[in-house]
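Values in this document were obtained by computation on a predicted structure and should not be read as measured data. What you see below is based on every heavy atom in this structure, not just the backbone, and it leaves out hydrogens, waters and symmetry mates. Residue numbering restarts at 1 for every chain, and letters A, B, ... go by the order of the sequence lines.
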Amino acid sequence: DTGVSQNPRHKITKRGQNVTFRCDPISEHNRLYWYRQTLGQGPEFLTYFQNEAQLEKSRLLSDRFSAERPKGSFSTLEIQRTEQGDSAMYLCASSTAFWTGYHEQYFGPGTRLTVT
Amino acid sequence: SQQGEEDPQALSIQEGENATMNCSYKTSINNLQWYRQNSGRGLVHLILIRSNEREKHSGRLRVTLDTSKKSSSLLITASRAADTASYFCATLKTSGSRLTFGEGTQLTVNP
């Protein structure tokens, strides 16, 4: 399978616990994005990487959230001290960067987080 | 209100009919993309239209873009029950790399 993969697909955790999600992008894609989607809403941008550099972070990404892409391949998103409001689908996407800016982003299946 | 607002929020049609969804946005864009999402699943990219394009076709999909009105429409012709899903438009701003999504249109195609 050459698509974007995410693990785990589902995560149930208790409030206050830390969780970590992993995203493996399409192998030749140098850009990787994280989005969050709550029920009935469209995805909201969290952050993106070009290779290993984190180029932009949304104000939604509080200091409890951290994302890494250490070797410019897979990425992890960690949420510390989870809150019930963190319950959502966390989506990862990847794309190639062209100077023309015409980016198609390919999404993974998402990790559904439930904080109890 | 957020960039990329879809209209209508929900649409229910019979199989074989055409479905039209609209999207409005507020800022300058580099391109506009439409995605489909089946319940509880990831997003599937459908079609991308660049800011200098006015219309694009892909199979049963037709997308139009009017940059003067900051609006786009997605037409699905000869709909099928399998087209039942949420459809989102997403804009890529001229200066940025993030996609900004609307709240989506929930399409139900009844067999």
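- B/Phe88 is listed as a side-chain neighbour of A/Gln37, based on a closest heavy-atom distance under 4.5 Å.
- A/Phe45 and A/Leu32 fall into different hydrophobic clusters, defined by Ile, Leu, Val, Met, Phe, Trp and Tyr side-chain heavy atoms under 4.5 Å apart, directly or through other members.
- Among all heavy-atom pairs drawn from A/Leu91 and B/Gly42, the shortest one is CD2-CA, 4.3 Å.
- Linking Ile, Leu, Val, Met, Phe, Trp and Tyr whenever their side-chain heavy atoms come within less than 4.5 Å puts B/Ile76 and B/Leu46 in one cluster.
- Counting only heavy atoms from C-beta outward, the side chains of B/Leu99 and A/Tyr35 approach each other to under 4.5 Å.
- No continuous path of ILVMFWY side-chain contacts below 4.5 Å connects A/Leu46 to B/Tyr35, so the two sit in separate hydrophobic clusters.
- What you find for A/Glu104 and B/Gln33 is that their closest heavy atoms are CA-OE1, 3.9 Å.
- Interface remark: B/Gln37 contributes side-chain atoms only to the contact with chain A (heavy atom separation under 4.5 Å).
- Hydrophobic clustering, with ILVMFWY side chains joined whenever heavy atoms are under 4.5 angstrom apart, groups B/Phe101 together with A/Met89.
- Looking only at side-chain heavy atoms (C-beta outward), B/Arg98 and A/Glu56 come within less than 4.5 Å of each other.
- No path of Ile, Leu, Val, Met, Phe, Trp and Tyr side chains, each step under 4.5 Å between heavy atoms, connects A/Val4 with A/Phe49, placing them in separate hydrophobic clusters.
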